[in-house]
> 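Mind looking over this structure? Questions follow.
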Amino acid sequence: MRYPYSEIEKKWQDYWEKNQIFKTDFSQTENKLYCLVMFIYPSGSNLHCGHWYNYGPTDSWARFKKLKGFNIFEPIGYDAFGLPAENYAIKTGVHPYDSTMQNIDAIREQLKKMGCMYDLSAELMTCVPEYYKWNQWLFIQLYKKGLAYRKKAPVNWCTSCRTVLANEQVLSDGNCERCGSEVIQKNLTQWFFKITDYTEELLQGLETINWPNKTKSMQRNWIGKSLGAEITFNVEGSDEKISVFTTRPDTLFGATYVVLAPEHPLVDKLTTEDNKKSVENYRDSIKSLTEIERTSTTKEKTGVPIGSFAINPANGEKIPIWISDYTLLTYGTGCVMAVPGQDERDWEFSTKFKLPKIRTVQPPDDFEGEAYLADGPAINSDFLNGLYVDDSKKKIIEWLEENGTGKKTVKYRLRDWLISRQRYWGTPIPIIYCPDCGEVLVNEENLPVELPYNVKFNSEGISPLISSEEFVNVKCPKCGKDAKREVDTMDTFVDSSWYYLRYFNPHLDTAPIDKEIANNWIPVDRYVGGAEHSTLHLLYSRFIHKFLRDIGLVNSDEPFKNLIHQGIITNNGVKMSKSKGNVVNPDDFILKYGSDVFRLYLMFMGPYEMGGDWSDKGITGTERFVQRTYDLFINNKNVLSNCELKDNFTIDSLNEFEKSVYKKVNQTIKKYETEIDAFRFNTAIASLMELLNEITKNFKNCSNEIKVYTLSRFSVLVSPVAPHLGEECWSLIGNKKSLMESPLWFTPDKNALIEDTVNIAIQVNGKLRSTLEVVANSEQNEVKELVFKDKKVSKHTAGKEIIKEIFVKNRIYNIVVK
RNA sequence: GCGAGAAUGGCGAAAUUUGGUAGACGCGCUAGAUUUAGGAUCUAGUACCGAAAGGUAUCGGGGUUCGAGUCCCCGUUCUCGCACCA
């Protein structure tokens, strides 16, 4: 009989839902396990393979843990604000609220068909006042601590999304992380969250969490800590001082010029009359350049002198001051001391403009390069001469500090998080501008500041909220005069930076978080999601979590204890995307094979963290597995009614077929546990297939008792990776209660794991010549005779001198001959 | 350019933790059985060369070892991340 998957899957989904089996009881905390997947952006293309690949296997892991006795919390929600819905509105006229809600309804139905253990009472969506009210509350708390502020700054502006972006949202090619369009620099007044107050803790905290090394190193890289010194250069004939940051203070004697960022405020003050024109021209020439062009390593260096001179504090030498776009205003002090002898960029620049080069580190004799970056003894450096780089650094810093011309400094690459967006579909920023009082916070009791429904959508780069008079016009909370609301909305990464805390009670209206539950259930025990969020969501969440800790809302330092990234499923080597039209729709497969088969196949494809190229070629493999499993249980329907389920058997009491099955079952349990626990689903499923093959071969010669023993265990093993099938099999053999309702796990019988015979390899000179079956743990002298009796062996040893014999118990017997 | 990871049959992949019979499991393929028929099911086979004995095989080249897919050195290709960060 063909496995009626649609009927059976529906049956169990309804059963689980009706009996609220996946509703978590938060009061039981000693065996709690919070298993979280990154919530869904509800786009019009609904659930795709990537979602399935993220959610299915993770749920299988959680089900395994549930069977093992953990109290699981597995929620799902909707990251419902965002640009795509608004762009869709501009294009089609459908309001973002309407399209989003429609998408959510469709996705909710799809999710049901996956058969995950989601606690539906915990569902949340970020686009409703009930949720975003607390974004505003969070903003107010940050503001009160001085961690939310407004400033005018050069910001990234996406020419297509018509809004500003955080640094993290700009790709390394200078394009928009979201749409791939060009990003340009604009000087605008924007809202920032002061993530930089937590820089050092964000860096140190990485040591305490179990995340992929790569992700941690990406965050380290993004934070970009560098140790060095700040050195002050006097300017000839001026009271102004130039401060430079360098990681190589030891090369100070080799500094032959200083370069300021073209936008640096000192440029106006220090440019001499003669050079005003060329400086202006230079500044104009780089204005039109995009950030990509400016920071491209392949671009030839440009720059002009500004006419004045700095004094090298180490040796009193007069050195020229230049401006060049390779110096960035936003990093360090916006000035560099140029040491051509030890820096490739400076070497290139000084060669082009014929500026002097002085080596201050002695390169080895065979060194043929230009700038020498490696270690060596100092030269041309007065009191540093002879010292190697590390010692030299220490000594010059001491000297600088004694002379008051510099100090040891730490710099970070991390910038504050720009959170304002000139768009509609996000959380309104709870700020009111009053002509008299200036920038005023909305009172907490007046939250939420609700998004008005009726606005004019535009692609002009102005927040649509400005078109809603009832929204914009407001009385000042301080003085009562006419005032205007902030019309920008928050970056949606604010929404996702704390959603995992809201799941415990998404409808709570007195606080953002149910503290009592959260304190027992946080951190998240396992977080699974895409690696593309390494420096965005995952960094922001860590920051917000630490802030919430500091204001007493959570009692832990890190939100996500364990993190795993699922791999990417590509189609013909390219990432699936709607725009490329190469998206594989899971619904077709669910219809054709059922959700269990599809889930199994995704897991069986290969290592979870590797992903891979999509092909449905092998899906018949998992389809057959499901069918054969079903047939097996149909053929043994109600075996439980004939005999009891026994704990264990004495191996000697079994016939050879039973023995073989009995051993295989127990070996499989052991193997399977290890594999699932480590997210190695492919090998876990392979072990189940091996077990099924064993059963198929030997079951007809087994007693009912052994059958019951085996089938009970087999259905429990199947249940995490094919949840509907598992329940069905469990019930087919005669169990009354659902597996998920009363979870259980079988521990393997240790005696069954011991092999009584083993095959050992016999090698001559390291080459395999024969194999030999011997009693397990046989000693060399017990095996030796048999080995030398073997004709295949004697053929290769005949007439040769035996030099050595190597014996490794239960593994090999290697004879070395000459 | 810098950093990290990877490379195994016709294909997806095991074995890498601990150096010890390479290719588990699955797809595909071949042959046979069964069926009115099947893209259904079952049985057997399937790394390559060879009739066999045997030989050759884990990206290429060296090395350590009785023994290397696994450890070390050099190189190639691919993927990912960073990229004038001073």
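Owing to the predicted nature of the structure, the values given are computational and were not obtained by experimental measurement. Within every chain, numbering begins at 1; the chains are lettered A, B, ... in the order of the sequence lines, protein sequences first and strands thereafter. Side chains included, hydrogens not; waters and symmetry mates left out as well; all remaining heavy atoms used.
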> Which nucleotide in the set B/rC82, B/rG20, B/rA22 lies at the smallest distance from any side-chain heavy atom of A/Leu768?
B/rA22

> Rounded off to whole Å, could you give me the CZ-to-P distance for the A/Arg248 and B/rA86 pair?
12 Å

> Among residues at least two apart in sequence or on other chains, which ones pass ring pair (Phe, Tyr, Trp, His ring centres under 6.0 Å) with A/Phe349?
A/Tyr257, A/Trp322, A/Tyr326, A/Phe353

> B/rU46 and B/rG10: how far apart are their C1' atoms, nearest whole angstrom?
11 Å

> C1' atom, B/rU30 versus B/rC80: distance in rounded Å?
41 Å

> Hey, what are the protein-to-nucleotides 10-16 of chain B N/O distances that come in under 3.5 Å?
unit_1: B/rG12; atom_1: O2'; unit_2: A/Met605; atom_2: O; d: 2.4
unit_1: B/rA14; atom_1: OP1; unit_2: A/Asn682; atom_2: ND2; d: 3.0

> What residues, two or more places apart in sequence or in another chain, satisfy side-chain contact (heavy atoms from CB on, under 4.5 Å) together with A/Lys352?
A/Glu300, A/Thr302

> May I ask you to say what A/Arg811 touches in the nucleic acid, namely base, sugar-phosphate or nothing, with a heavy-atom cut-off under 4.0 Å?
sugar-phosphate

> Quick check on side chain to side chain donor-acceptor pair (under 3.5 Å): which of A/Thr256, A/Thr351, A/Asp346 does A/Lys357 satisfy it with?
A/Thr351

> Distance check, P atoms only: B/rU56 and B/rG67, in whole angstrom units.
15 Å

> Look at the side chain of A/Asn682 and the backbone N and O of A/Met603, then say whether any donor-acceptor pair between them is shorter than 3.5 Å.
no

> Between B/rA53 and B/rA47, how far is it from one P atom to the other, in whole Å?
15 Å

> With pairs taken as Watson-Crick or G-U wobble and both distances under 3.5 angstrom, which stems of at least three consecutive pairs involve RNA chain B?
B:1-7 with B:76-82, B:10-12 with B:25-27, B:28-33 with B:41-46, B:47-49 with B:54-56, B:59-63 with B:71-75

> Want to settle it: does A/Asn221 or A/Val808 sit nearer the 5' end of RNA chain B, counting the closest nucleotide to each?
A/Val808

> Looking at A/Asn693, I'd like to know whether one of its side-chain N or O atoms comes within less than 4.0 Å of OP1 or OP2 on B/rG26.
yes

> Taking the side chain of A/Lys214 as heavy atoms from C-beta outward, which of B/rC66, B/rC25, B/rG81 is closest to it?
B/rG81

> For A/Ile803 and B/rU65, give me the distance from atom CD1 to atom C1', rounded to whole Å.
14 Å

> With sequence neighbours left out, what residues match A/Tyr601 under ring pair (Phe, Tyr, Trp, His ring centres under 6.0 Å)?
A/Trp614

> Which residue in the set A/Tyr593, A/Trp52, A/Tyr5 passes ring-ring contact (aromatic ring centres under 6.0 Å, His included) when paired with A/Phe598?
A/Trp52

> Identify, with sequence neighbours excluded, every residue that meets ring pair (Phe, Tyr, Trp, His ring centres under 6.0 Å) alongside A/Tyr372.
A/Phe367

> Mind checking side-chain contact (heavy atoms from CB on, under 4.5 Å) for A/Pro720 and listing every partner two or more places apart, or none if nothing turns up?
A/Arg63, A/Phe64, A/Leu67, A/Tyr672

> Under 4.0 Å between any heavy atoms, over every strand shown, what does A/Glu690 touch: base, sugar-phosphate, or nothing? Just pick one.
sugar-phosphate

> When you check the gap from the basic side-chain N to the acidic O, do A/Arg220 and A/Glu207 get nearer than 4.0 Å?
yes

> To the nearest angstrom, how far is A/Gln219 atom CD from B/rC80 atom P?
20 Å

> B/rC84 phosphate, OP1 or OP2: any side-chain N/O from A/Thr327 under 4.0 angstrom?
no

> Please determine, for the side chain of A/Met218, which listed nucleotide (B/rG81, B/rA83, B/rC25) has the closest atom?
B/rG81

> Toward the 5' end of RNA chain B, which comes first, A/Thr771 or A/Asn765, by nearest nucleotide?
A/Thr771

> Tell me, please, which residues at least two apart from A/Trp417 pass ring pair (Phe, Tyr, Trp, His ring centres under 6.0 Å).
A/Phe193, A/Tyr540

> Is any side-chain nitrogen or oxygen of A/Lys804 closer than 4.0 Å to OP1 or OP2 of B/rC66?
yes

> Expressed in whole Å, how much space separates the C1' atoms belonging to B/rA13 and B/rG75?
27 Å

> Nearest whole angstrom, please: distance from the C1' of B/rA24 to the NZ of A/Lys670.
16 Å

> B/rG67: syn or anti, with syn meaning chi within 90° of zero?
anti

> Show me the protein contacts with nucleotides 54-59 of chain B, counting only N or O atoms at under 3.5 Å.
unit_1: B/rG54; atom_1: OP1; unit_2: A/Lys795; atom_2: NZ; d: 3.1
unit_1: B/rG55; atom_1: OP1; unit_2: A/Arg769; atom_2: NH1; d: 3.4
unit_1: B/rG55; atom_1: OP1; unit_2: A/Arg769; atom_2: NH2; d: 3.3
unit_1: B/rG55; atom_1: OP2; unit_2: A/Arg769; atom_2: NH1; d: 2.9
unit_1: B/rU56; atom_1: OP2; unit_2: A/Lys767; atom_2: NZ; d: 3.1

> I'd like the C1' distance from B/rC29 over to B/rU18, given in whole Å.
37 Å

> Expressed in angstrom and rounded to an integer, what is the separation of A/His565 atom NE2 from B/rG81 atom C1'?
12 Å

> How does protein contact run along nucleotides 34-49 of chain B, one letter per nucleotide 5' to 3', with B for base contact, S for sugar-phosphate only, - for none, heavy atoms under 4.0 Å?
-------SS-------

> Describe, in one word, how the ring planes of A/Tyr608 and A/Phe681 are oriented to each other, choosing from parallel (under 30°), tilted (30 to 60°) and perpendicular (over 60°).
perpendicular

> I need the single residue from A/Gln763, A/Lys784, A/Glu805, A/Arg769 that forms a side chain to side chain donor-acceptor pair (under 3.5 Å) with A/Tyr813. Which is it?
A/Glu805

> Can you tell me how far P in B/rU17 sits from the matching atom in B/rA83, rounded to whole Å?
35 Å

> Please tabulate, for side-chain N and O atoms in residues 241-254 of chain A, each donor-acceptor pair with protein atoms closer than 3.5 Å (sequence neighbours left out).
unit_1: A/Lys241; atom_1: NZ; unit_2: A/Asn234; atom_2: OD1; d: 2.8
unit_1: A/Ser243; atom_1: OG; unit_2: A/Glu230; atom_2: OE2; d: 3.1
unit_1: A/Thr246; atom_1: OG1; unit_2: A/Arg248; atom_2: N; d: 2.9
unit_1: A/Arg248; atom_1: NE; unit_2: A/Asp250; atom_2: OD1; d: 3.0
unit_1: A/Arg248; atom_1: NE; unit_2: A/Asp250; atom_2: OD2; d: 3.4
unit_1: A/Arg248; atom_1: NH2; unit_2: A/Asp250; atom_2: OD2; d: 3.1
unit_1: A/Thr251; atom_1: OG1; unit_2: A/Arg248; atom_2: O; d: 2.8

> Starting at atom CG of A/Leu600, determine the distance to atom P of B/rC25, rounded to an integer number of angstrom.
17 Å

> To the nearest Å, how far apart are A/Ile812 CD1 and B/rU21 P?
8 Å

> Using the P atoms only, state how far B/rC42 lies from B/rC49, rounded to an integer number of Å.
29 Å

> Among residues at least two apart in sequence or on other chains, which ones pass side chain to side chain donor-acceptor pair (under 3.5 Å) with A/His537?
A/Tyr527, A/Ser541

> Using whole Å, what does the distance between atom P of nucleotide B/rA86 and atom CD1 of A/Ile242 come to?
20 Å

> For A/Ser226, report the nucleic acid contact type (base, sugar-phosphate, nothing); a contact means any heavy atom under 4.0 Å.
sugar-phosphate

> Between A/Glu675 and A/Arg680 (salt bridge meaning N to carboxylate O under 4.0 Å), is one present in this structure?
yes

> Are any side-chain N or O atoms of A/Gln627 and backbone N or O atoms of A/Met1, one a donor and one an acceptor, separated by less than 3.5 Å?
yes

